[in-house]
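When a ligand or atom number is given, it counts from 1 through the structure's own listing order. Along the sequence shown, residues carry numbers from 1.
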Amino acid sequence: MDVLRVDDRLTDEERLVRDTVRAFAAEAVAPRVAGWFEEGTFPVRELAPELGKLGLLGMCLTGYGCAGTGAVAYGVACRELEAADSGLRSFVSVQGSLAMTAVHKYGSEEQKGEWLPRMAAGEALGCFGLTEPDRGSDPGDMRTRARRDGSDWVLDGAKMWITNGSLADVAVVWARTDDGIRGFLVPKGTPGFSAGDVHRKMSLRASITSELVLDGVRVPADAMLPGVKGLKGPLGCLTEARYGIVWGAIGAGRSCYEAAVDYAKTREQFGKPIGAFQLTQEKLAWMEVALGQAGLVALHIGRLKDEGGATPQQVSFGKLANVRAALDVAREARTVLGANGITLEYPVIRHMNNLESVLTYEGTQEIHLLTLGKAVTGLDAFR
Ligand code: TGC
Ligand code: FAD
């Protein structure tokens, strides 16, 4: 397995991150996560401080208690977290790449000092409210509004599908103002601000997903993120989180692949292991190819990022290609396990169902296809 030995190209520091995060996920999460998935829970308050101690929250950010690692190290961490469950990587993505990045990139010194050290330590939780009930792929047409009232801002609207929405101590809420889209920091408990969880999910069950309601929410002038105006604000954070998914998806795919290989070597039918049949070997060989290619794509984009920046189009390429590859691997692995593949005794169907969300959030497959289509043709299919 790992015929290409892509990890041989990692530095010693990146390998240390890999081994540390892999050990943490294997000990603290993997043995319990099927239960969380079944119950639809995720013990955020227990895990967040541990993730903070490992330096995984806002890992690429500098200062304010953040680890300040390179992009490849962060990617490797996402891969190892998502090998346990996409919900775990999602938590780290939303906390670090979305909420903390918004504050770090666009916040005032006071906002950074107030929130980032506690968020890096996992003591304060954040969420990122961009999507709305009626505006998902097209956030530029958002309906949530913020209007000035004296020196305050008053927010009205709703955000939907917000990871950690009901748990977060602070919500980064994107809203339309007379002056364009702006970001606001809305602390939990602000009058008029409420959050209710989405139930009956069949995917990302080990993750809390909420609706945020903003009903005349009054915040002071300094709750606005001063450093950015326009849709490029939230999109600039999304590029960071999408990058983590480029790597994370490989972890989910790898977990399915490993389960399929183990099963194929031990499960016997017609007097021999099913892994001895050519059709099974073909499935496993394609999985190996898909994950090897995904690993090269992730490493390439990560190195570009570390050398000065990967473009949003390159990140779209990686998110599109690697989530698709991981989902194909998960579905094929599911067939190798036969009936056992549909139970939570094995990780495969959990990952497979999770990857349906990963395909949709952070820009759907279609959005990334059209982003690449625009890069290729110079023609904008969106507008
Ligand atoms: P468009 O006119 O193309 O762009 C508006 C401005 O933004 C800039 N820009 C970007 N900047 C940084 N990163 C990117 N990826 C960027 N893409 C565009 C652009 O240069 C422009 O800047 P300026 O200075 O000219 O104003 O905007 P559009 O309205 O046509 O939309 C483009 C489109 C469709 C690609 C965008 O709306 C989009 O990406 N839609 C998908 C929405 C999405 O991904 N939502 C995710 C919500 S968060 C989430 O899902 C969290 S899941 C939990 C987890 O991560 O685990
Ligand atoms: P829609 O935009 O309504 O799309 C429906 C379908 O139409 C899709 O197949 C889409 O690709 C297609 N479509 C749309 N436009 C076009 C087009 N121009 N051409 C072709 N096809 C098109 N959001 C946040 O802001 N914060 C979060 O923390 C967050 N966490 C999430 C967690 C989970 C578990 C999930 C499932 C979602 C989360 N999201 C979050 C929301 C996510 O980003 C959106 O679901 C996603 O952007 C798609 O929006 P939508 O679901 O409204 O689908």
Report task. Treat each ILVMFWY residue as a node, draw an edge where side-chain heavy atoms are under 4.5 Å apart, and state whether Leu98 and Leu167 are in one component. Result -> yes

Query raised in the report: Between Arg32 and Glu46, is the closest basic N to carboxylate O distance under 4.0 Å?
Result: yes

Query raised in the report: Of all the atoms in ligand 1, which lie at a distance below 4.0 Å from a heavy atom belonging to Arg89?
Result: 56 (O)

**Report entry** Heavy atom of protein closer than 4.0 angstrom to atom 45 (O) of ligand 2
**Finding:** yes

Query raised in the report: Short list, please: which atoms of ligand 2 are under 4.0 Å from a heavy atom of Leu370?
Result: 17 (C), 18 (N), 19 (N)

Query raised in the report: Quick one: ring-ring contact (aromatic ring centres under 6.0 Å, His included) pairs with a partner in residues 115-148, sequence neighbours left out?
Result: Phe128-Trp174

Query - Candidates Arg18, Arg89, Arg254 - the one meeting side-chain hydrogen bond (donor to acceptor under 3.5 Å, both in side chains) with Glu80 - result: Arg254

Report task. Could you check Phe91 against Ile208 for side chain to side chain contact (heavy atoms under 4.5 Å, CB included), going step by step and ending with a plain yes or no? Result -> CA-CA 9 Å; Phe91 169 72; Ile208 307 302; over 6 Å; no

Query raised in the report: Between Gly129 and ligand 2, does any nitrogen or oxygen pair lie at a separation below 3.5 Å?
Result: no

Report task. Output yes when Asp2 and Arg5 qualify as a salt bridge under the 4.0 Å nitrogen-oxygen rule, no when they do not. Result -> no

Query raised in the report: Are any of the protein's heavy atoms under 4.0 angstrom from atom 16 (C) of ligand 2, yes or no?
Result: no

Query raised in the report: Below 4.0 angstrom, N of the basic side chain to O of the carboxylate: do Asp156 and Arg176 qualify?
Result: no

Query raised in the report: What part of Leu238, side chain, backbone, both or neither, has a heavy atom within less than 4.0 angstrom of ligand 1?
Result: side chain

Query raised in the report: Got an N/O contact under 3.5 Å between Asp380 and ligand 1?
Result: no

Query raised in the report: Where's the contact between Leu98 and ligand 1, heavy-atom distance under 4.0 Å: side chain, backbone, both or neither?
Result: side chain

Query raised in the report: Salt bridge between Lys229 and Asp179, side-chain N to carboxylate O under 4.0 Å?
Result: yes

Report summary line: Taking only non-hydrogen atoms of Thr131 and a 4.0 Å limit, the atoms of ligand 2 in range are 23 (N), 24 (C), 25 (O), 40 (C), 41 (C), 42 (C), 43 (O)

Report summary line: If you scan protein heavy atoms around atom 52 (S) of ligand 1, the nearest is Tyr361 CG, 3.3 Å

Query - Student check: side-chain heavy atoms of Glu211 and Pro133 closer than 4.5 Å - result: yes

Query raised in the report: Got a protein heavy atom sitting under 4.0 Å from atom 54 (C) of ligand 1?
Result: yes

Report summary line: residues 57-70 vs side-chain hydrogen bond (donor to acceptor under 3.5 Å, both in side chains), sequence neighbours excluded, gives Tyr64-Glu109

Query raised in the report: So does Asp328 pair up with Arg324, basic N to acidic O under 4.0 Å?
Result: yes

Query raised in the report: Where do Ser166 and Ala195 come nearest, in terms of heavy atoms and distance?
Result: CA-CB, 3.6 Å

Query raised in the report: Counting only heavy atoms on the protein side, is anything nearer than 4.0 Å to atom 20 (O) of ligand 1?
Result: no

Query raised in the report: Under a 4.0 Å heavy-atom limit, does Ser137 contact ligand 1 with its side chain, its backbone, both, or neither?
Result: backbone

Query raised in the report: Less than 4.0 Å between atom 7 (O) of ligand 2 and some protein heavy atom, yes or no?
Result: no

**Report entry** For Thr163, the ligand 1 atoms whose distance to one of its heavy atoms is below 4.0 Å
**Finding:** 53 (C)

Query raised in the report: Any idea which atoms of ligand 2 are less than 4.0 Å away from a heavy-atom of Thr360?
Result: 45 (O), 46 (C)

Requested in this report: Please write down residue, atom name and distance for the protein heavy atom closest to atom 24 (O) of ligand 1.
Outcome: Lys232 CD, 3.5 Å

Query raised in the report: What protein heavy atom sits nearest atom 47 (C) of ligand 1, and how far away is it?
Result: Thr131 OG1, 3.6 Å

**Report entry** Closest protein heavy atom to atom 56 (O) of ligand 1, given as residue, atom name and distance to 0.1 Å
**Finding:** Ser90 OG, 2.6 Å

Query raised in the report: Considering only protein heavy atoms, which is closest to atom 31 (O) of ligand 1, and at what distance to one decimal place?
Result: Leu231 CD2, 4.1 Å

Requested in this report: Assess whether side chain to side chain contact (heavy atoms under 4.5 Å, CB included) is satisfied between Ser90 and Leu204, documenting all intermediate values.
Outcome: CA-CA 9 Å; Ser90 243; Leu204 259 288; 3.9 Å; yes

Query - Ion pair check, Arg22 and Glu27, cut-off under 4.0 Å - result: no

Requested in this report: Report yes if some N/O of Leu235 lies less than 3.5 Å from some N/O of ligand 1; otherwise report no.
Outcome: yes

Query raised in the report: Is the centre of the Trp161 ring less than 6.0 Å from the centre of the Tyr361 ring?
Result: no

**Report entry** Which of the ligand 2 atoms, numbered from 1, are nearer than 4.0 Å to a heavy atom of Ser137
**Finding:** 1 (P), 2 (O), 4 (O), 14 (C), 49 (O)

Requested in this report: Please check atom 26 (O) of ligand 1 for a protein heavy-atom neighbour under 4.0 Å.
Outcome: no

Query raised in the report: Between Glu356 and Arg331, is there a side-chain N and carboxylate O pair less than 4.0 Å apart?
Result: yes

Query raised in the report: Where does Thr239 meet ligand 1, judged by heavy-atom distances below 4.0 Å: at the side chain, the backbone, both, or neither?
Result: side chain

Requested in this report: Test side chain to side chain contact (heavy atoms under 4.5 Å, CB included) on Val29 and Leu81 and set out the steps.
Outcome: CA-CA 9 Å; Val29 178; Leu81 293 169; over 6 Å; no

Query - Gly136 neighbourhood, listing ligand 1 atoms whose heavy-atom distance to it stays under 4.0 Å - result: 42 (C)

Report summary line: If you scan protein heavy atoms around atom 3 (O) of ligand 1, the nearest is Lys374 NZ, 3.9 Å

Query raised in the report: Hey, is atom 49 (O) of ligand 2 under 4.0 Å from any protein heavy atom?
Result: yes

Query raised in the report: Atoms of ligand 1 less than 4.0 Å from Val94 heavy atoms?
Result: 53 (C), 54 (C)

Requested in this report: Can you see which heavy atom on Thr163 is nearest to which on Cys127, and at what distance?
Outcome: O-CB, 3.3 Å

Report task. Give the residue, atom name and distance (to 0.1 Å) of the protein heavy atom nearest atom 50 (O) of ligand 1. Result -> Glu362 N, 2.9 Å

Report task. For Gly363, counting its heavy atoms only, list the atoms of ligand 1 lying under 4.0 Å from any of them. Result -> 43 (C), 44 (O)

Query raised in the report: Are Asp85 and Arg350 ion-paired here, with the side-chain N under 4.0 Å from a carboxylate O?
Result: yes

Requested in this report: Evaluate the 4.0 Å heavy atom contact test for atom 12 (C) of ligand 2: does a protein atom fall under the cut-off?
Outcome: no

Requested in this report: From atom 20 (C) of ligand 2, work out which of Arg205, Met160, Glu362, Glu366 has a heavy atom at the shortest distance.
Outcome: Glu366

Query - N or O pair under 3.5 Å between Arg242 and ligand 1 - result: yes

**Report entry** Plane angle bin for Phe277 and Phe270 - parallel if under 30°, tilted between 30 and 60°, otherwise perpendicular
**Finding:** perpendicular

**Report entry** For Phe128, atoms of ligand 2 separated by under 4.0 Å from a heavy atom
**Finding:** 24 (C), 25 (O), 26 (N), 27 (C), 28 (O)

Query raised in the report: Would you say Leu379 and Lys374 make side-chain contact, with heavy atoms under 4.5 Å?
Result: no

Report summary line: Closest to atom 28 (P) of ligand 1 among protein heavy atoms sits Arg383 NH2, 3.7 Å

Report task. Answer with yes or no whether Ser316 contacts ligand 1, where contact means a heavy atom under 4.0 Å from a ligand atom. Result -> no

Requested in this report: Please verify whether a non-hydrogen atom of Glu132 lies at under 4.0 Å from ligand 2.
Outcome: no

